Amino acid sequence: MTELLAPAGNIEALDAALGEGADAVYLGLKSFNARLRTSNFAWSQFEAAVQSVHRLGKKIYVTVNTVCEENETERLYRFLGYLNKIKPDGLIVQDFGVIRMCQEFFPELELHASTQMNVESAAAANLLCRQGLKRVVLARELGLEEVKEIKANTNAELEMFVHGALCVSESGLCLFSSYLGGKSANRGMCTQACRRFYNAEVNNGTYTPGYYFSPCDLQLLEHIPDLVTCGVDSFKIEGRMKSAEYVGAVTAAYRYVIDHWQQDKKGAIAEGKRMLSTDFARTKTDYWYGFKTKEEGVKNAGQKILNPNQAGGTGIYLGKLGNLREATYEEKKEYAAAHKVFSQTEGSTEIEPIQMAVLRDGNYDPEIGDSIRLHRKDDSGRESHKVRLVKTDENGFRWIDVPVKFTKGDSVYLLQTKAMSKRYKHILPNDLSKFRRQPGPERLPVLDLTPVKKDELKFFPEGLYIAVSTVADAHVVQNAHPVRLILELNSETTYELLNKDLPSKPLLPFSKKMVFLQLDPFVPQGDVAKLEETLNQLVEKGWTNFIVSNLAHINILKGKKVNLIAGQYLYTFNKWAVSFLENLNIIAFQTPIENNEENLENTFVTPKERERVLLTVFAYPALFRMRFSLPKDYDFTYFADKEEMNFKVATGADGSFVMPELPFSLVDKMDTLKNHGWKRQLIDFTKTKVLKSDLKSLFNLVQKHEVLKGASRFNWKDGFYNPAKMEAYKAKDLLMKEENQKGKKQPGKRRSTGKKT
């Protein structure tokens, strides 16, 4: 029987999911999970939940699906030790370091590969199976035939998303949020750059606004019979940040179809759709389903999921905030009483400041108990809110409570009405005092990376590496004399290497031993057979150096006499992740471009360890990677966000890519970096056309150690966004301002000019 797996972002959602018949739930704790912005579970709540769910004969999975920095590995070790004692039914993981740590210390923990691990083929699933993982959560950019083929060629259990929000970028490969301020999707802090409002520069030089990259929501209800038949083991509902009402309604619909389709397929689906009519989210799509070929999917999938006129928010539009006022004392008391009624959450019942607002231009007046979503007019933030107070004044104006951070003109959407709400039996006991376990003070044993043998890195010399996407660009950069050329293996270069590269007339101005072929990080099942054939032919022709970017690549190239570098999308943010790849016979690593200097130095400590690292010093990073061509009416290359930051988009037979208009650059620091041990440096021109003039200008900056004007440092200096660090900065800044104000208010006090008298 296929498992129905529902989200439990909080206690109420847990009650709703199990109350509507979910076989299992997945949830996160306060750290190491990809939905840090939801409330998540406290230690006592989680321990009680595991016990209570198991008593019901159900399963509970924990998300540990973010990448971990080196200085967090001891905390991760303690966290895994805690989970090993509590005994959930499985851990959903992304970081290779988590797998390696569990292999070493906690082999009894069942591991499932998160969709963030970018698994979309049997080749990747089988590699993970051999490493001890039981289940993989497939990437969402797959069609039915691909899912069938994966199931037929792997022993791994398959879990897949069937309902909920989509990412526009390929699973696990989005860098946009991280680029905008260190809030990495790989760290559970995605700010949903795809949902933002952008201005596109069309051909005539004017700007047209729209939600160009905000995808519709996934709904595979009609395909459930086919997916059950092909053997999918678990159907997953997205929504750990959604309300309990949403979780209950969606779970009930899929439960009904799973249980009744064999008796009456058409009737069961119709009833399921009726039950989903209260899902006031975005327009629905079945995305990659219904296409006969991969080419048809690449051509048309974008049209199915993108609509520039569809706002990034969810729900039925209710209007905009009109007049605003502060809640009265009596209203605040009434609100507090209502809060206790509607909230089942353990802990403080402290109420945030509230205000009252009148809605304008809407066709429905929210009632007490309705769930709404507010969306700032400048697109700087969104928030869900349950209405607890409704007042009508003497002039007939109807006021509702809204969070104080929203202002006049902000949009409001209906997510759920009170009439749709159900009260579910509480899963957790009222008294949680006996559930006291927490991570302990255990020390993580020291991990030493495997020493490299003499001449083992001969294929990976010190010096400058340059990456390009075309053969023509390879000829342009030859005058820079790189020690190695990296050539992206795409549809164009594959054709040229297999059909035009002749012994009598080499295609490239570099010998084969001086070239690394860079493989694409997204390897869907529909491409695997062709990729295997291509790689076999290339190896036969004498190409032996590859940058692998997906676990499938490692599996396909296993046993061949080739040299491999783990690319930037095989994330190595800590020693344990490096060790995992070492055990797969990889000894050289390209650091992830969203990594930072401090973490890189903490991971690769000694000069010998740093000899194994290829450090990117210049690139136009792909912020979105999309498995489809953009719709035909997307007639633009450049677009800008509300901060007037500019980006460019490229689309074609290999999909679409969004990049910043200005590059990431450390070229002014190349000599300093060499002195620190980073002696293999990469200038990455992939996805861009290389001009001789641009190349000359760049190397002038390198020689003069000058900063490239307007370029980004990405996360190199500041690292990933850290809420605690930001609060400390704010506190320090406030203290300095207060001290300055005190200095200004002291009459007669002479200020020093800094000069000696």
Side-chain angles (χ1 to χ4, degrees), residues 28-37 62-80 83 91-103 111-119 124 128 131 133 136-137 139 167 169-191 444 447 521 549-551 566-582 584 586 589-604 613 616 621-623 625 714-716 718-723 725:
L29 278 77
K30 298 296 184 182
S31 57
F32 301 117
N33 90 83
R35 286 292 182 270
L36 289 178
R37 292 189 293 127
V62 181
T63 55
V64 192
N65 55 341
T66 63
V67 295
C68 176
E69 290 191 288
E70 181 62 30
N71 63 9
E72 298 169 321
T73 52
E74 186 156 273
R75 186 161 61 91
L76 173 64
Y77 173 68
R78 294 170 181 175
F79 181 52
L80 294 173
L83 293 175
L91 273 57
I92 304 169
V93 305
Q94 177 188 11
D95 196 317
F96 299 143
V98 177
I99 301 176
R100 181 69 183 85
M101 210 175 277
C102 287
Q103 290 172 334
L111 301 182
H112 300 175
S114 166
T115 189
Q116 289 293 108
M117 200 176 277
N118 186 25
V119 176
L128 290 170
Q131 294 300 312
L133 278 77
V136 297
V137 185
C167 299
S169 186
E170 293 162 346
S171 298
L173 305 180
C174 179
L175 300 177
F176 213 139
S177 181
S178 186
Y179 184 81
L180 293 176
K183 294 186 177 181
S184 173
N186 289 313
R187 299 273 292 170
M189 303 195 75
C190 178
T191 56
L444 174 64
L447 173 70
S549 307
N550 186 292
L551 294 173
Q568 62 170 316
Y569 294 104
L570 290 175
Y571 299 126
T572 48
F573 287 98
N574 57 74
K575 275 188 172 67
W576 293 88
V578 173
S579 180
F580 174 84
L581 291 171
E582 283 182 334
L584 297 176
I586 294 178
F589 311 91
Q590 180 187 358
T591 184
I593 198 167
E594 62 174 335
N595 207 347
N596 62 81
E597 182 177 24
E598 180 181 357
N599 187 55
L600 190 59
E601 290 178 345
N602 289 339
T603 304
F604 299 94
V613 177
T616 304
L623 305 180
R625 303 180 64 96
F714 210 156
N715 297 327
W716 180 251
D718 295 333
F720 291 120
Y721 177 83
N722 184 317
K725 187 187 294 184

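Along the sequence shown, residues carry numbers from 1. Treat the numbers as computed from the prediction; the structure is a model and nothing was measured.
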- Note on the structure: Here the pair of heavy atoms bringing Glu594 nearest to Asn715 is O-ND2, 3.1 Å
- Judged by atom type as modelled, is there a donor-acceptor pair below 3.5 Å linking the side chain of Glu74 to the main-chain atoms of Leu444? yes
- Query: If you take all heavy atoms of Leu128 and Val119, which pair is closest and at what distance?
  - Reply: CD1-CG2, 3.7 Å
- Using only heavy-atom distances, determine whether the side chains of Gln568 and Asn595 contain a donor-acceptor pair under 3.5 Å. no
- Message: One pair to check against side chain to side chain contact (heavy atoms under 4.5 Å, CB included): Cys190 and Phe176. What are the steps and the verdict?
- Response: CA-CA 9 Å; Cys190 178; Phe176 213 139; over 6 Å; no
- Is there a side-chain contact between Thr73 and Met101, using heavy atoms and a 4.5 Å cut-off? yes
- Query: Can you name the closest pair of heavy atoms from Tyr721 and Gly181 and give their distance?
  - Reply: CB-O, 3.7 Å
- Message: Checking the side chain of Asn550 only, and the main-chain atoms of Asn118 only, is there a donor and an acceptor separated by less than 3.5 Å?
- Response: yes
- Message: Using only atom types and a distance under 3.5 Å, with no angle test, would you say the side chain of Ser177 pairs donor to acceptor with the backbone of Thr191?
- Response: yes
- Message: Parallel, tilted or perpendicular: which one describes the rings of Phe580 and Phe96, with boundaries at 30° and 60°?
- Response: parallel
- List the steps, then state whether side chain to side chain contact (heavy atoms under 4.5 Å, CB included) holds for Phe573 with Thr603. CA-CA 7 Å; Phe573 287 98; Thr603 304; over 6 Å; no
- Message: Taking Gly97's backbone N and O only, do any of them form a donor-acceptor pair with Lys575's side chain (distance below 3.5 Å, no angle check)?
- Response: no
- Is the backbone of Cys68 close enough, under 3.5 Å, to the side chain of Asp95 for a donor and an acceptor to pair up by distance? yes
- Item | Heavy-atom side-chain proximity of Val136 to Met117 below 4.5 angstrom | no
- Query: Would you say the side chain of Val93 lies within less than 4.5 Å of the side chain of Asn65, judging by non-hydrogen atoms?
  - Reply: no
- Report the C-alpha distance between Met189 and Ser184 in whole Å, list the side-chain angles of each, state the deciding distance to 0.1 Å, and finish with yes or no for side chain to side chain contact (heavy atoms under 4.5 Å, CB included). CA-CA 5 Å; Met189 303 195 75; Ser184 173; 6.0 Å; no
- Could you tell me whether Glu72 and Arg187 have a side-chain N and a carboxylate O separated by less than 4.0 Å? yes
- Query: Under the criterion side chain to side chain donor-acceptor pair (under 3.5 Å), which of Thr66, Thr115, Asn186 is the partner of Gln94?
  - Reply: Asn186
- Note on the structure: Between Tyr569 and Ser549, the two heavy atoms sitting closest are CB-O, 3.8 Å
- Does the side chain of Asn599 reach to within under 4.5 Å of the side chain of Phe720, using non-hydrogen atoms? no
- Closest non-hydrogen contact found for Arg625 with Ser169 is N-OG, 3.2 Å
- Do Leu584 and Gln131 touch side chain to side chain, with heavy atoms closer than 4.5 Å? yes
- Message: Please find the pair of heavy atoms, one from Leu551 and one from Ala124, that lie closest to each other, and give the distance.
- Response: CB-CB, 4.1 Å
- Query: Would you say the side-chain atoms of Thr572 pair up with the backbone N or O of Ala577, donor to acceptor, closer than 3.5 Å?
  - Reply: no
- Under 3.5 Å, side chain of Asp718 to main-chain N/O of Gly182, donor-acceptor pair present? no
- Query: Step by step, would you call Trp576 with Leu76 a side chain to side chain contact (heavy atoms under 4.5 Å, CB included)?
  - Reply: CA-CA 11 Å; Trp576 293 88; Leu76 173 64; over 6 Å; no
- Arg75 CZ to Leu80 CG distance, which is reported to the nearest 0.5 Å: 11.5 Å
